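Note: hydrogens, waters and symmetry copies are ignored here, and every other heavy atom, side chains too, is used. This is a predicted model, so every value here is computed, not measured. Reminder, nothing fancy here: chain letters follow the sequence lines and each chain counts from 1.
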Amino acid sequence: MKTKFEDIMVKSEKEWESMQCGEKPVILVGTATCGRSAGSLETLEALRSEADKSGIDCTIIEVGCIGLCYAEPLVTIAKPGNPAVCYGGIDAEKAKELVEKYIIGNDPVPEYALGTIGQGKIADIEKIQDTSVFKPQIRRVLKKCGSIDPANVEHYIANGGYSGLKRALEMTSEEIIDNIKISGLRGRGGAGFPTWRKWQFCHDAEGDQKYLICNADEGDPGAFMNRSLLEGDPHALLEGMVIAGRAIGADTGYIYCRAEYPLALERLDLAIKQAKDLGFLGDNIMETGFTFHIKVKEGAGAFVCGEETALIASIEGERGMPRPRPPFPAVSGLWGKPTIINNVETLASVALVMQQGAQWFSQVGSEASKGTKTFALVGKVKRTGLVEVPMGITLREMIYDIGGGILNDREFKAVQTGGPSGGCIPAEKLDTPVDYDSLNAAGTIMGSGGMVVMDADNCMVDVARYFLEFTQKESCGECVPCRLGTKQMLDILNDITQGRGKPDDIDLLEEIGYAVKRTSLCGLGQTAPNPVLSTLRYFRNEYEAHINKKECPSLVCRDLISYKIDTDKCTGCRLCFKACPADAIIGEKKEPHIVDQEKCIKCGMCFEKCPPKFNAVVCIPGQLKDGE
Amino acid sequence: MEKRLETVFSEFKGSKEELIPLLQKVQEEFGYLPKEAMYKIGRFAGIPESKVYAVATFYAQFRFSPMGKNLIMVCRGTACHVRGAPRILDELETQLGIKEGGTTPDLEYSLETVACIGACGLAPCIMVNKKVEAKLTPKKVAELFGKGGKNEN
């Protein structure tokens, strides 16, 4: 095994070195899904044609995402002898400019630069590691995303890839599990169960056939950590899977990935082929006699398949409905055989533990939550993106340092973690450390890593309603508490947001919520009431305003707001009159107009059309009657 | 249809666990799951037709009527929601004159919603066929799909 692995290492390092230390400039373009959405393929095309036209010899590589979604499309240029410069917001025009000024010329164009990467300095450009976005971050799982070509396995190997597998192949199953135990790794899919313990159950279970499943279905709306990892560094998952397979004694692994991620699926297929060709996957891996195969299964769109037993049913070709536990999948799972289900980030972390050692892994993090965690920091923050932080960092640091604060400097209202299973945390809890146990105590969960920031313009009752609508739709219908309970809760929330709320609705919501939590069959139902219960805990006043005053203080719920024209400011320009689809604006030309509240459908067109210099249309909480 | 189904089936062994991938491939071929195909799938995989329906109707991905040439999926993820996805959907419904789940009479567009596209950092967004349109506003939607817009048919 040794010689074969070393041959591959040497070849890969040569390939990497020739790119890193060659004579040619190297241009990296982020073309993961987020980059493409922002137009990075046009940027790539422009760079290629411009380089061709000017006859410059340079290497252009497509890479994954370094997580700066707000600054897409991203381009990184490394000229020989200089640190690489990362540029943000590079459209086709700016790409041409960069080729002209920096590739051909010698002006690094600091005004487009986000920072430099690597050794050395360039005048007027900060080191990216010193910028407020990156300073609090420790990038381990995501380290290679955006710096290597995900379609080139040699890049992965030259950066330490598959050395963890090599170590694992030299160990017994027990030794691997022991290493994971020392590392303190807990499942990154949400609940935070210690990974080694789960593995131990499966390892100890009787049976000659065992399975490993990677849950890459990433069903939480508002989360894309797994997508980025699969698109930017697919081999990390494969390596982790082979190691896990060896530890639990499985010879087959499944990746259950959602069909909405076409690029991730494409990258996975290619990576599996490459790993097989090199002997890291398939029969007789690295000539050690260990065999492990990986199959990709496309999810067909059912949130409940994030639940282990439902996911298993789906792979078996059934409706994705959960079954009672025990027996746990580790004892009786896929086709009734012992099965382990791990999340993408967990398995990528396993590869890191084996590459760098358990001690190294546990150096960062808090007492009970070791290592780092990736988050999709989205919503109303200035700098949205994919971040990786040491466990124990506070929410405030994440939102204000990394995220740069609230969009348009509005007031922070809440941050939501854990997707539809999690809760909302208010401003007074911003100093909560981000780890499994502290977040639980604050009424939410770590979840898989979605972190959605909300400001004063977001109505918390509407947010709770949004999540309930989602879980109610996704409830598989098997158990009564979840099927009927979520429906009842949604009906009540619809009433409240549409002006039909009754004073005892709040108590009723709590009563049903706790009942659904206690009595549902699977995790979906057991956590579905969390968004409602946590907003009731911290934002009860908003519920009360909706119910008692029939007002939506955040001006979101259409039935509980009104549009009004300030007759002192209105000049009768008639823009709103023409725009109104309901003929609800009354008034003569050049005379102040008024809104007919009976006819108004609250579409907000008048508000949008009124020129800023007049600002005569206002939106206010509450239901105005005619003549008010 | 017979011929096309046979080509799809030739990639499979015909076992029970292949049902979902089979449905996915058939839908890829026809754009939806035709009634006749459901029976044939059952025969091929040794599963009663009722069971084929049971599984197909469970998952959001499968549809049972033809869809438009262009599929617009509006992301209803949390990040998109808090950044105004409901207004994007409203505007699309107005511009195309169809409701969520509908198809224009000329079979040009189908409008659907999806739990999350995973481009949350660029919310709100929609997916037109396989391309993501990001950072949308109702105005941008009108430009894209309204009269004289770049996607006007």
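Using a 4.5 Å cut-off between heavy atoms, Ala223(A) touches chain B through its backbone atoms (N, CA, C, O) alone. Neither the backbone nor the side chain of Ser15(B) comes within contact range of chain A, judged by heavy atoms closer than 4.5 Å.
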Can you give the donor-acceptor pairs under 3.5 Å from side chains of residues 25-36 of chain B to other protein atoms, not counting sequence neighbours?
from, atom 1, to, atom 2, distance (Å)
Gln27(B), OE1, Arg63(B), N, 3.0
Gln27(B), NE2, Gln61(B), O, 2.8
Glu29(B), OE2, Arg4(B), NE, 2.8

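Arg83(B) and Asp457(A) are not joined by a salt bridge, as no carboxylate oxygen comes within less than 4.0 angstrom of a charged side-chain nitrogen. We find that Lys135(B) and Glu72(A) are not joined by a salt bridge, their nearest charged nitrogen and carboxylate oxygen being 4.0 Å or further apart.
With Tyr261(A) contributing its side chain and Ile117(B) its backbone, the two residues share no donor-acceptor pair below 3.5 Å. Panel note: side chain Tyr466(A), backbone Arg76(B); a donor-acceptor pair is recorded below 3.5 Å. Of the possible polar contacts, none joining the Arg36(A) side chain to the Val132(B) backbone as a donor-acceptor pair under 3.5 Å is found.
With Cys116(B) as reference, Arg258(A) is the one residue of Arg258(A), Glu218(A), Glu260(A) to meet the side chain to side chain contact (heavy atoms under 4.5 Å, CB included) rule.
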Derivation and outcome, side chain to side chain contact (heavy atoms under 4.5 Å, CB included), residues Leu122(B) and Cys34(A): CA-CA 7 Å; Leu122(B) 302 158; Cys34(A) 35; 4.1 Å; yes
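Counted within 6.0 Å of NZ on Lys140(B), heavy atoms from surrounding residues, nucleotides or ligands total more than 12; the atom is thus considered enclosed.
Close approach to chain B, defined as a heavy atom under 4.5 Å from one of its heavy atoms, is seen in Ser314(A), Ile315(A), Glu316(A), Gly317(A), Glu318(A) of residues 310-318 of chain A, taken by number.
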